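Written out below as C-alpha coordinates is the structure these notes cover.
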Amino acid sequence: MKIDFEEIIRKLESKANTIYFDTDKLKQLLITAKEKAEGNKQLMEIWEDLKLIIDLVKDWIKGDYKELSKTSVIMIIISLLYLVNPLDLVPDFLPGGFIDDLAVIAYVIKKISDELKTYKQWRSINKTDETIEMKAEFVDDTADVEDIDDILNEDEDTDEEI
(Lines give C-alpha, C1' and ligand atoms only; values in the text may rest on other atoms or scores of the structure.)
Protein backbone atom coordinates (compact mmCIF):
# COMPACT_ATOMS: atom_id res chain seq x y z
CA MET A 1 0.00 0.00 0.00
CA LYS A 2 1.39 3.35 -1.04
CA ILE A 3 0.12 6.51 0.60
CA ASP A 4 0.04 9.63 -1.54
CA PHE A 5 0.54 12.25 1.17
CA GLU A 6 0.31 15.18 -1.23
CA GLU A 7 -3.06 13.91 -2.49
CA ILE A 8 -4.35 13.64 1.09
CA ILE A 9 -3.16 17.20 1.74
CA ARG A 10 -4.89 18.47 -1.43
CA LYS A 11 -8.16 16.76 -0.50
CA LEU A 12 -8.24 18.11 3.07
CA GLU A 13 -6.64 21.53 2.58
CA SER A 14 -9.87 23.44 1.92
CA LYS A 15 -11.57 22.01 5.00
CA ALA A 16 -8.42 22.65 7.06
CA ASN A 17 -8.39 26.30 5.93
CA THR A 18 -11.99 26.70 7.05
CA ILE A 19 -11.19 25.21 10.46
CA TYR A 20 -8.09 27.42 10.75
CA PHE A 21 -10.36 30.48 10.89
CA ASP A 22 -12.95 28.91 13.23
CA THR A 23 -11.51 28.57 16.73
CA ASP A 24 -14.50 26.60 18.04
CA LYS A 25 -14.20 24.00 15.28
CA LEU A 26 -10.45 23.82 15.81
CA LYS A 27 -10.88 23.26 19.55
CA GLN A 28 -13.47 20.54 18.85
CA LEU A 29 -11.08 18.87 16.39
CA LEU A 30 -8.34 18.83 19.06
CA ILE A 31 -10.71 17.26 21.59
CA THR A 32 -11.99 14.65 19.12
CA ALA A 33 -8.48 13.71 17.98
CA LYS A 34 -7.23 13.36 21.55
CA GLU A 35 -10.22 11.22 22.53
CA LYS A 36 -9.74 8.98 19.49
CA ALA A 37 -6.03 8.52 20.20
CA GLU A 38 -6.16 8.02 23.99
CA GLY A 39 -5.89 4.38 24.85
CA ASN A 40 -5.59 3.31 21.20
CA LYS A 41 -2.85 0.68 21.17
CA GLN A 42 -2.09 1.22 17.49
CA LEU A 43 -1.44 4.93 18.06
CA MET A 44 0.68 4.55 21.21
CA GLU A 45 3.95 4.76 19.28
CA ILE A 46 3.14 8.35 18.26
CA TRP A 47 1.17 9.34 21.38
CA GLU A 48 3.85 11.74 22.68
CA ASP A 49 4.19 13.44 19.29
CA LEU A 50 0.42 13.66 18.95
CA LYS A 51 0.11 15.24 22.40
CA LEU A 52 2.88 17.67 21.43
CA ILE A 53 1.11 18.91 18.30
CA ILE A 54 -2.19 19.19 20.18
CA ASP A 55 -0.49 21.22 22.94
CA LEU A 56 1.23 23.34 20.30
CA VAL A 57 -2.07 24.27 18.68
CA LYS A 58 -3.69 24.90 22.08
CA ASP A 59 -0.89 27.31 23.04
CA TRP A 60 -1.20 28.97 19.64
CA ILE A 61 -4.99 29.37 20.02
CA LYS A 62 -4.56 30.92 23.48
CA GLY A 63 -2.00 33.33 22.04
CA ASP A 64 0.69 32.07 24.39
CA TYR A 65 2.81 30.77 21.52
CA LYS A 66 3.04 32.89 18.38
CA GLU A 67 5.95 31.36 16.48
CA LEU A 68 3.81 29.01 14.40
CA SER A 69 3.31 29.46 10.68
CA LYS A 70 -0.11 29.18 9.10
CA THR A 71 1.24 26.39 6.88
CA SER A 72 2.19 24.32 9.92
CA VAL A 73 -1.19 24.86 11.58
CA ILE A 74 -2.91 23.78 8.35
CA MET A 75 -0.69 20.67 8.15
CA ILE A 76 -1.53 19.76 11.76
CA ILE A 77 -5.24 20.27 11.11
CA ILE A 78 -5.00 18.04 8.03
CA SER A 79 -3.33 15.27 10.04
CA LEU A 80 -5.98 15.51 12.76
CA LEU A 81 -8.82 15.55 10.22
CA TYR A 82 -7.36 12.40 8.71
CA LEU A 83 -7.10 10.79 12.14
CA VAL A 84 -10.71 11.48 13.11
CA ASN A 85 -12.09 10.27 9.77
CA PRO A 86 -12.93 6.58 10.30
CA LEU A 87 -13.31 5.91 6.56
CA ASP A 88 -9.91 6.97 5.30
CA LEU A 89 -7.53 4.97 3.10
CA VAL A 90 -7.59 2.03 5.54
CA PRO A 91 -10.87 2.18 7.50
CA ASP A 92 -10.17 2.41 11.22
CA PHE A 93 -12.52 -0.45 12.11
CA LEU A 94 -10.34 -2.95 10.19
CA PRO A 95 -7.40 -4.70 11.86
CA GLY A 96 -4.42 -2.42 11.36
CA GLY A 97 -6.81 0.37 10.42
CA PHE A 98 -4.70 3.07 12.00
CA ILE A 99 -1.51 2.32 10.06
CA ASP A 100 -2.34 5.01 7.49
CA ASP A 101 -3.22 7.49 10.26
CA LEU A 102 0.19 6.81 11.84
CA ALA A 103 1.89 7.42 8.51
CA VAL A 104 0.05 10.70 7.84
CA ILE A 105 0.76 12.05 11.33
CA ALA A 106 4.42 11.00 11.09
CA TYR A 107 4.67 12.69 7.68
CA VAL A 108 3.28 15.96 9.07
CA ILE A 109 5.52 15.80 12.14
CA LYS A 110 8.53 15.39 9.86
CA LYS A 111 7.41 18.33 7.68
CA ILE A 112 7.09 20.67 10.66
CA SER A 113 9.96 19.25 12.73
CA ASP A 114 11.87 22.56 12.90
CA GLU A 115 8.83 24.37 14.30
CA LEU A 116 8.22 21.52 16.75
CA LYS A 117 11.79 21.79 17.98
CA THR A 118 11.38 25.54 18.51
CA TYR A 119 8.10 24.96 20.35
CA LYS A 120 9.68 22.34 22.64
CA GLN A 121 12.40 24.82 23.57
CA TRP A 122 9.85 27.57 24.18
CA ARG A 123 7.70 25.24 26.26
CA SER A 124 10.58 24.09 28.46
CA ILE A 125 11.56 27.71 29.16
CA ASN A 126 7.95 28.80 29.61
CA LYS A 127 7.18 25.97 32.04
CA THR A 128 10.26 26.89 34.06
CA ASP A 129 9.13 30.53 34.14
CA GLU A 130 5.62 29.47 35.23
CA THR A 131 7.07 27.36 38.05
CA ILE A 132 9.22 30.26 39.24
CA GLU A 133 6.21 32.61 39.09
CA MET A 134 4.07 30.15 41.06
CA LYS A 135 6.75 29.81 43.74
CA ALA A 136 7.15 33.60 43.92
CA GLU A 137 3.37 34.02 44.28
CA PHE A 138 3.36 31.43 47.07
CA VAL A 139 6.13 33.27 48.91
CA ASP A 140 4.25 36.55 48.49
CA ASP A 141 1.04 34.95 49.75
CA THR A 142 2.74 33.54 52.83
CA ALA A 143 4.75 36.67 53.63
CA ASP A 144 1.82 38.08 55.61
CA VAL A 145 1.37 34.93 57.67
CA GLU A 146 2.49 35.34 61.25
CA ASP A 147 5.14 33.18 62.81
CA ILE A 148 3.75 29.69 63.52
CA ASP A 149 4.55 30.05 67.25
CA ASP A 150 2.47 33.24 67.40
CA ILE A 151 -0.42 31.45 65.73
CA LEU A 152 -0.18 28.50 68.12
CA ASN A 153 0.09 30.76 71.17
CA GLU A 154 -2.88 32.78 69.97
CA ASP A 155 -5.05 29.66 70.30
CA GLU A 156 -3.80 29.07 73.85
CA ASP A 157 -4.66 32.65 74.83
CA THR A 158 -8.16 32.14 73.48
CA ASP A 159 -8.55 28.92 75.48
CA GLU A 160 -7.50 30.63 78.70
CA GLU A 161 -10.12 33.33 78.32
CA ILE A 162 -12.93 30.82 77.98
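All values reported here derive from a predicted model rather than from experimental measurement. Along the sequence shown, residues are numbered consecutively beginning with 1.
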| task | Check whether any side-chain heavy atom of K2 lies under 4.5 Å from a side-chain heavy atom of L89, and answer yes or no. | result | no

| task | Taking the side chain as every heavy atom from C-beta outward, state whether L29 and V57 have any atom pair closer than 4.5 Å. | result | no

| Interatomic distance, L56 atom CG to D64 atom CG [nearest 0.5 angstrom] | 11.5 Å

| task | First locate atom NZ of K117, then atom NZ of K120, and finally report the distance between them rounded to the nearest 0.5 Å. | result | 9.0 Å

| task | Mind listing the closest non-hydrogen atom pair of D101 and D88 along with its distance? | result | OD2-OD2, 3.0 Å

| message | Membership question, hydrophobic clusters at under 4.5 Å side-chain separation (ILVMFWY): are L50 and I61 in the same one? | response | yes

| task | Working to the nearest 0.5 Å, report the span between CD1 of I109 and CG of D49. | result | 4.0 Å

| message | For I99, I'd like to know if atom CD1 has over 12 heavy atoms of other residues, nucleotides or ligands within 6.0 Å. | response | no

| query | Do M44 and I54 share a hydrophobic cluster, counting only Ile, Leu, Val, Met, Phe, Trp and Tyr and linking them when any side-chain heavy atoms are less than 4.5 Å apart? | reply | yes

| Close side-chain approach of V104 to F5, heavy-atom, < 4.5 Å | yes

| field | Straight-line distance of I78 CD1 to R10 CZ, nearest 0.5 Å | value | 11.0 Å

| field | S79 to V108 - nearest heavy-atom pair and separation | value | CB-CG2, 3.7 Å

| note | Rounded to the nearest 0.5 angstrom, the OH-CG distance for Y119 and L52 is 6.5 Å

| query | Taking atom NZ of K110 as the centre, does the number of heavy atoms from other residues, nucleotides or ligands within less than 6.0 Å exceed 12? | reply | no

| query | Could you state the interatomic distance from CD (E7) to CG (L12), rounded to the nearest 0.5 Å? | reply | 9.5 Å

| Is any side-chain heavy atom of Y65 less than 4.5 Å from a side-chain heavy atom of D55? | no

| task | State, to 0.1 Å, how close S72 and I112 come at their nearest heavy-atom pair, and which atoms those are. | result | OG-CG2, 3.3 Å

| D59 vs K62, salt bridge (Lys or Arg N to Asp or Glu O under 4.0 Å): CA-CA, chis, key distance, verdict | CA-CA 5 Å; D59 284 337; K62 290 187 293 185; 3.5 Å; yes

| Are any of the side-chain heavy atoms of T32 and L80 separated by less than 4.5 Å? | no

| Taking all non-hydrogen atoms of both residues, which atom of K36 and which atom of L83 are closest, and how far apart? | NZ-O, 2.9 Å

| remark: Heavy-atom closest pair (L68 atom, E115 atom, distance to 0.1 Å) is CA-OE1, 3.3 Å

| task | Please identify each residue that fulfils side chain to side chain donor-acceptor pair (under 3.5 Å) with S113, with sequence neighbours left out. | result | none

| W47 vs F98, ring pair (Phe, Tyr, Trp, His ring centres under 6.0 Å): CA-CA, chis, key distance, verdict | CA-CA 13 Å; W47 176 239; F98 287 94; over 10 Å; no

| task | Verify, without hydrogens or angle tests, whether N85 (side chain) and L81 (backbone) share a donor-acceptor contact under 3.5 angstrom. | result | no

| query | Can you list the residues that meet the salt bridge (charged side-chain N to carboxylate O under 4.0 Å, His left out) rule with K111, with sequence neighbours excluded? | reply | none

| request: Kindly give the heavy-atom pair with the smallest separation between I74 and A16, and that separation in Å. | output: CD1-O, 3.7 Å

